[in-house]
Amino acid sequence: ENVLAANKNVRFLNSRYRNNIFRNLAIFYSCITASSKIILHGNPVLYYFMLFPFILKKTYWIIYGYELGDLTQKKGINVGEYINSFIKRFVLKRVYGHITHIRGDSELANNRFKSSAKYFYSPVYLSNVATNCKSETIHLISSKKVRNILVGNSTSPTNNHVDIFNMLLQYKEDDIVIYCPLSYGMFLDYRDEVIRIGKELFGVKFIPLLDFMTIEKYRLFLSDIDIAIFNHNRQEAMGVTVSLLALKKIVYMKPGTTAYLSLVERGIKVFDNTIIKNGELYKDRDVSVNICKIHEYYSVDVLKKSLNDIFNYS
């Protein structure tokens with residue numbers, strides 16, 4: 001009740017959506033007709049948007065990345081999947097704008113949905129904002145005895161943890177500790193498999209993180225990481241990536257992804273994770289430029305300005 005009182009302008013749609021469709025439609029319609037702009041997050045309510053297609057010309061879609069997966073119609077697709085795919089295409093093809101900090105995702109969305117939505121840059125959330133962008137210290141790791149290595153960010157199979165483990169096998173006898181955050185996400189069977197394989201390959205040097213941390217505690221944890229390795233095929237883990245870059249950490253990512261390319265194009269130093277196989281994991285890398293670059297693109301001021309520009313755009 002206290003939460004509701006403090007957020008009196010927030011309206012909630014009742015789950016399950018289909019079981020409460022008439023009440024939810026009434027709430028949804030009253031909100032969209034009173035709004036000059038609509039910002040869409042994720043897929044769950046897309047079919048509400050389809051019922052009122054006239055609102056799509058004032059709808060801005062925040063692209064998470066997972067929505068840009070393979071849209072081809074595969075054999076054996078059931079009726080429900082076909083309907084969901086149709087609704088997704090219908091709505092996302094007609095939105096007015098894309099909100100993202102990765103231009104490549106906007107371009108990919110326009111290509112996939114054959115649309116012409118405008119691109120609006122924004123870090124979007126406070127989780128994508130770096131709070132410590134002032135130091136100019138160069139981060140060198142070669143003199144540290146034990147290297148703390150972060151692998152992945154969640155239980156999602158899109159982390160491709162095992163591929164990273166295979167990259168790291170040649171270093172297993174070195175003084176390393178591998179930390180694997182597995183508290184976030186719903187893929188529990190995959191999580192258990194990652195833990196099993198991690199312990200089998202690296203023994204006590206593998207530490208799965210199974211409990212949520214406060215943001216303050218997590219940032220403190222990240223400050224003690226030396227190297228982070230990500231292997232996602234799409235935009236993912238960008239909040240933690242930005243935080244690591246602001247902390248002058250060495251970050252390896254999958255090359256060719258929209259996330260990797262967007263950072264490189266801005267002059268931010270991230271590294272191709274395939275070079276780990278060549279014995280270059282510990283190579284000294286001057287990442288001092290990342291401090292000013294992260295501040296330029298991912299500061300609180302940039303977030304405020306970007307949202308203000310979107311809200312006032314006409």
Side-chain angles (χ1 to χ4, degrees), residues 13 15 17 37-50 55-56 58-72 81 84-115 117-130 152-161 181-187 190 212 215 218 230-245 251 253-254 256-263 265-266 270 297-298 302-303 306-307 310-311:
L13 300 182
S15 295
Y17 293 139
K37 284 186 175 67
I38 299 169
I39 297 179
L40 169 65
H41 301 242
N43 287 342
V45 295
L46 285 183
Y47 61 90
Y48 286 103
F49 282 77
M50 185 174 178
I55 68 172
L56 294 175
K58 61 177 180 179
T59 297
Y60 296 66
W61 166 31
I62 292 177
I63 302 176
Y64 287 138
Y66 74 87
E67 314 96 325
L68 301 176
D70 186 9
L71 298 172
T72 56
E81 290 173 330
N84 287 335
S85 177
F86 176 81
I87 292 172
K88 179 178 177 180
R89 287 174 177 274
F90 181 91
V91 173
L92 298 182
K93 179 179 181 178
R94 291 166 172 80
V95 297
Y96 178 78
H98 297 151
I99 301 174
T100 175
H101 55 101
I102 300 177
R103 181 185 290 274
D105 278 356
S106 176
E107 294 171 349
L108 183 58
N110 278 332
N111 179 266
R112 291 276 172 90
F113 294 105
K114 295 180 172 53
S115 56
K118 294 181 180 295
Y119 165 65
F120 295 87
Y121 174 82
S122 177
V124 184
Y125 305 114
L126 280 172
S127 60
N128 290 338
V129 166
N153 77 304
S154 72
T155 68
S156 172
T158 55
N159 282 267
N160 297 306
H161 290 93
L182 295 169
S183 58
Y184 175 74
M186 63 184 76
F187 299 93
Y190 176 79
F212 280 103
I215 187 64
Y218 194 59
F230 300 113
N231 199 36
H232 308 92
N233 293 319
R234 60 170 176 82
Q235 175 198 158
E236 204 166 355
M238 290 305 293
V240 67
T241 299
V242 168
S243 294
L244 287 162
L245 292 170
V251 177
M253 300 174 67
K254 189 166 188 175
T257 61
T258 56
Y260 176 89
L261 293 174
S262 71
L263 294 172
E265 288 168 0
R266 292 171 188 148
V270 292
Y297 291 99
Y298 292 98
V302 170
L303 174 62
S306 67
L307 295 178
I310 291 167
F311 294 151

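- Rounded to the nearest 0.5 Å, atoms OG (S156) and OH (Y184) are 9.0 Å apart.
- Across every non-hydrogen atom of P181 and G152, the tightest pair is CD-O, 3.5 Å.
- Residues satisfying the salt bridge (charged side-chain N to carboxylate O under 4.0 Å, His left out) criterion with R234, sequence neighbours excluded, are E236.
- Proximity of F49 to W61: side-chain heavy atoms (C-beta onward) are nowhere separated by under 4.5 Å.
- A donor-acceptor contact shorter than 3.5 Å is absent between the side chain of K93 and the backbone of K114.
- Side-chain contact, N159 with H232: a donor N or O sits under 3.5 Å from an acceptor N or O.
- Within a 6.0 Å sphere centred on NZ of K118, heavy atoms belonging to other residues, nucleotides or ligands number 12 at most.
- Of all heavy-atom pairs between L303 and P123, the closest is CA-CD, 4.0 Å.
- By the 4.5 Å heavy-atom criterion applied to side chains, F230 and V240 are counted as neighbours.
- The closest donor-acceptor contact from the side chain of T155 to the backbone of F187 lies under 3.5 Å.
- Looking at T258 and L68, their side chains never come closer than 4.5 Å, going by heavy atoms from C-beta outward.
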Exercise. Test I63 against L108 for side chain to side chain contact (heavy atoms under 4.5 Å, CB included), laying out the working first.
Key: CA-CA 11 Å; I63 302 176; L108 183 58; over 6 Å; no
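- For Y297, the side chain to side chain contact (heavy atoms under 4.5 Å, CB included) partners two or more places apart in sequence, or in a different chain, are Y121, R266.
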Exercise. Please assess M50 against F86 for the test side chain to side chain contact (heavy atoms under 4.5 Å, CB included), listing each intermediate value before the final yes or no.
Key: CA-CA 10 Å; M50 185 174 178; F86 176 81; 3.2 Å; yes
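- Atom OG of S262 sits about 8.0 Å away from atom CD of Q235, to the nearest 0.5 Å.
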Quiz item: Could you go step by step and tell me if L182 and S154 meet the side chain to side chain contact (heavy atoms under 4.5 Å, CB included) rule?
Solution: CA-CA 5 Å; L182 295 169; S154 72; over 6 Å; no
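- Annotation for Y66: atom OH counts as buried by contact number, over 12 foreign heavy atoms lying within 6.0 Å.
- Between the side chain of D105 and the backbone N or O of G65, no donor-acceptor pair lies under 3.5 Å.
- A 4.5 Å side-chain heavy-atom check between T158 and N233 finds every atom pair outside the cut-off.
- Considering only heavy atoms from C-beta on, Y218 stays 4.5 Å or farther from S243 through its side chain.
- In this structure, T100 and Y119 have side chains that are in contact, with non-hydrogen atoms separated by less than 4.5 Å.
- Residues forming a side chain to side chain donor-acceptor pair (under 3.5 Å) with Y64 (at least two apart in sequence, or on another chain): H41, Y125.
- Between the side chain of N111 and the backbone N or O of A109 there is no donor-acceptor pair closer than 3.5 Å.
- E67 places a side-chain heavy atom less than 4.5 Å from the side chain of N43.
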Quiz item: After noting the C-alpha distance and the side-chain angles of L46 and L92, does the key distance pass the side chain to side chain contact (heavy atoms under 4.5 Å, CB included) rule?
Solution: CA-CA 9 Å; L46 285 183; L92 298 182; 4.2 Å; yes
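- Proximity of Y96 to I38: side-chain heavy atoms (C-beta onward) are nowhere separated by under 4.5 Å.
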